[in-house]
Amino acid sequence: MSSRGLNLGCRQRCKEGVLKILSKIPEELRSLINKLHKQALAENLKVYLVGGFVRDLILRVKNLDLDIVIEGDGIKFAERFAMPFGVKLTAHRQFGTATVLLKSGLKVDFSSARKESYPKPAHLPIVSYGLLRDDLFRRDFTINAMAISLSDGSLVDYFDGRGDLVNKKIRVLHDLSFKDDPTRILRAVRFEQRYDFNIEPKTLKLLKEAGKLKMLEKVHPHRMRDELILVLKEGNPLKEIRRIKQLAGFKFIHPNLNVSVKTYSYFKSLEKEVKWFNKNYPQRRSLDTWLIYLMGLLDSLNAGAIRNVCEKFGLRKGEKKRLSSYKQITHKFIVDLSNSKVKPSRIFASLEPLSYETIISLRAKYNNPVFKRHIADFLEIYNGMRIFVSGNDLHGLGLVPGPQYQKIFAQVLNAKLNGEVKDKREELSLIRELLNKRHPILRG
Ligand code: ATP
């Protein structure tokens, strides 16, 4: 444990400070905390708010995820808490944890105070029940290892996390921290860059040592994936990417991955295009920006290597598809869409099968103004275009329902995209023309 132990003299002042800050958080959260406080008193249990919520409360940063530790049975406490809300809880009995998701969208995580020991570096720890102090000692950094007692509102700060928040320092709790759990390397960078803090010198030395020992490559890839996604979900992931490259590198993703100035410049274009999309198309489904940035990060890999990364990281089918389709774009595709004379129906047919994430990555990659305009046209005009004729109309024209219906609709849509038909009358007259000419699409 740190020699910078709890300053009991500060306890009363801290408590008043904490209560003052708590009085300023949104009403809904305050009322939840109040309920937790009452339940803790009624059940005579030691219950604490911990982790990121406490850190952000002190920093006055919005954080709606409550993390609760109970010196006792966390799941039972959570069950009793959830009951009046009429919501279900998700419990992980082997870890003694439970999550309650309220109808308002607020999330409360409960866990029993735990003690951890690492039988082997970079492997999962052995967990047993413990006291609050054990639970805080197993955490990553001092700023994430504070607790607020729900009995009396006092701050419990064994490792001077508050001092480190004031001095903007990221500090591990003990020398083996990065070896025990190398994912903390990514976490250290994430918090450092997010809050504009510094990894303090000793922690930095320990981090670099773990990096040199290639500790990141020893962690189960699914755990690395989760931490990497969190990095890519940060507000400005390029800052984190540069710092990870500087401190530990990216060989944990793939041995051939080359993160270079080229990657950084692509990342900047990606950030610009994501902003462009969000500004211009706020009604569309929100982008999985982390996936866009992952495409950027993996840009130096070929299609085969990307498939390997997807396998190793256990990415979902849809994620894999979006990452791979970006790599399958041909030179001809780019040349076609960079031609100012290309027909709208062609633009539509090329872009419609692709995800927004792939389209944004392409727009960031190819700086040709015509190509960019065609993508904007697709998103603004072609993508939402609908035709007026329906199945009933085709039936009315004497056509028997069958696969040719879809083909006719596609033909009419193409004509509409190209400005050849405008209203329902013109659409119907195009279909009649096809019927008169016994167009091949009418067969089968
Ligand atoms: P964020 O604001 O990014 O959600 P957070 O601190 O809430 O940050 P979580 O990943 O939700 O981060 O973790 C909650 C808490 O669990 C952390 O504050 C930290 O105390 C602890 N924790 C999470 N991951 C680790 C880890 N790898 N090693 C030690 N402690 C961890």
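Predicted model, so just to flag it, every value in this text is computed and none were measured. First listed ligand is number 1; within each ligand, the first listed atom is number 1.
- Close approach to Gly51 involves these atoms of ligand 1, each under 4.0 Å from a residue heavy atom: 18 (O).
- The protein reaches atom 2 (O) of ligand 1 closely, with a heavy atom under 4.0 angstrom from it.
- For ligand 1 and Arg138, the ligand atoms under 4.0 Å from any heavy atom of the residue are 29 (C), 30 (N).
- With hydrogens and angles left out, the side-chain atoms of Tyr281 and Glu380 include a donor and acceptor closer than 3.5 Å.
- The residue Leu230 has no part lying near ligand 1, judged by heavy-atom distances below 4.0 Å.
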Task: Tyr356 vs Asn383, side-chain hydrogen bond (donor to acceptor under 3.5 Å, both in side chains): CA-CA, chis, key distance, verdict - done: CA-CA 11 Å; Tyr356 287 158; Asn383 197 25; 3.3 Å; yes

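- Those atoms of ligand 1 with a heavy atom of Arg190 less than 4.0 angstrom away are 3 (O).
- Inside a 4.0 Å radius of atom 11 (O) of ligand 1 there is not any protein heavy atom.
- Classification of the Tyr293-Phe267 ring pair by plane angle, with boundaries at 30° and 60°, yields parallel.
- The nearest protein atom to atom 7 (O) of ligand 1, hydrogens excluded, is given as Gly52 CA, 3.7 Å; this is a heavy-atom distance.
- Atoms of ligand 1 found under 4.0 Å from any heavy atom of Phe191, numbered from 1 in the order shown, are 6 (O), 8 (O).
- Ring pair Phe81/Phe85 is tilted by interplanar angle, where 30° to 60° counts as tilted.
- The Thr183 neighbourhood of ligand 1 comprises atoms 27 (N), with distances under 4.0 Å to a heavy atom of that residue.
- Remark: minimum distance from atom 30 (N) of ligand 1 to any protein heavy atom is reached at Asp140 N, 3.1 Å.
- The heavy atom nearest to atom 23 (C) of ligand 1, considering only Arg139, Arg194, Arg187, is found in Arg187.
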Task: Evaluation steps, side-chain hydrogen bond (donor to acceptor under 3.5 Å, both in side chains), between Asn258 and Ser260 - done: CA-CA 6 Å; Asn258 180 19; Ser260 64; 4.7 Å; no

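- Polar contact check, Asp67 against ligand 1: no nitrogen or oxygen pair lies under 3.5 Å apart.
- Ring planes of His174 and Phe137: tilted class, angle from 30 to 60°.
- Assignment of Phe141 to the shell around ligand 1 is not supported, since no heavy atom sits closer than 4.0 Å.
- The closest protein non-hydrogen atom to atom 27 (N) of ligand 1 is Asp181 OD2, 2.8 Å.
- At a threshold of 4.0 Å, the pair Arg307-Glu311 does not count as salt-bridged, since none of the basic side-chain nitrogens sits closer than that to a carboxylate oxygen.
- Look at Asp160 and Arg171 and you find no salt bridge, because none of the NZ, NE, NH1 or NH2 atoms lies under 4.0 Å from a carboxylate O.
- Heavy atoms of other residues, nucleotides or ligands lying less than 6.0 angstrom from CZ of Arg316 number 12 at most.
- Of the candidates Glu234, Arg184, Lys107, Arg55, Arg184 brings a heavy atom nearest to atom 28 (N) of ligand 1.
- The aromatic rings of Phe371 and Phe333 sit perpendicular to each other, their planes meeting at more than 60°, with 30° as the lower class boundary.
- Of the N or O atoms in Tyr195, none lie within a sub-3.5 Å distance of an N or O in ligand 1.
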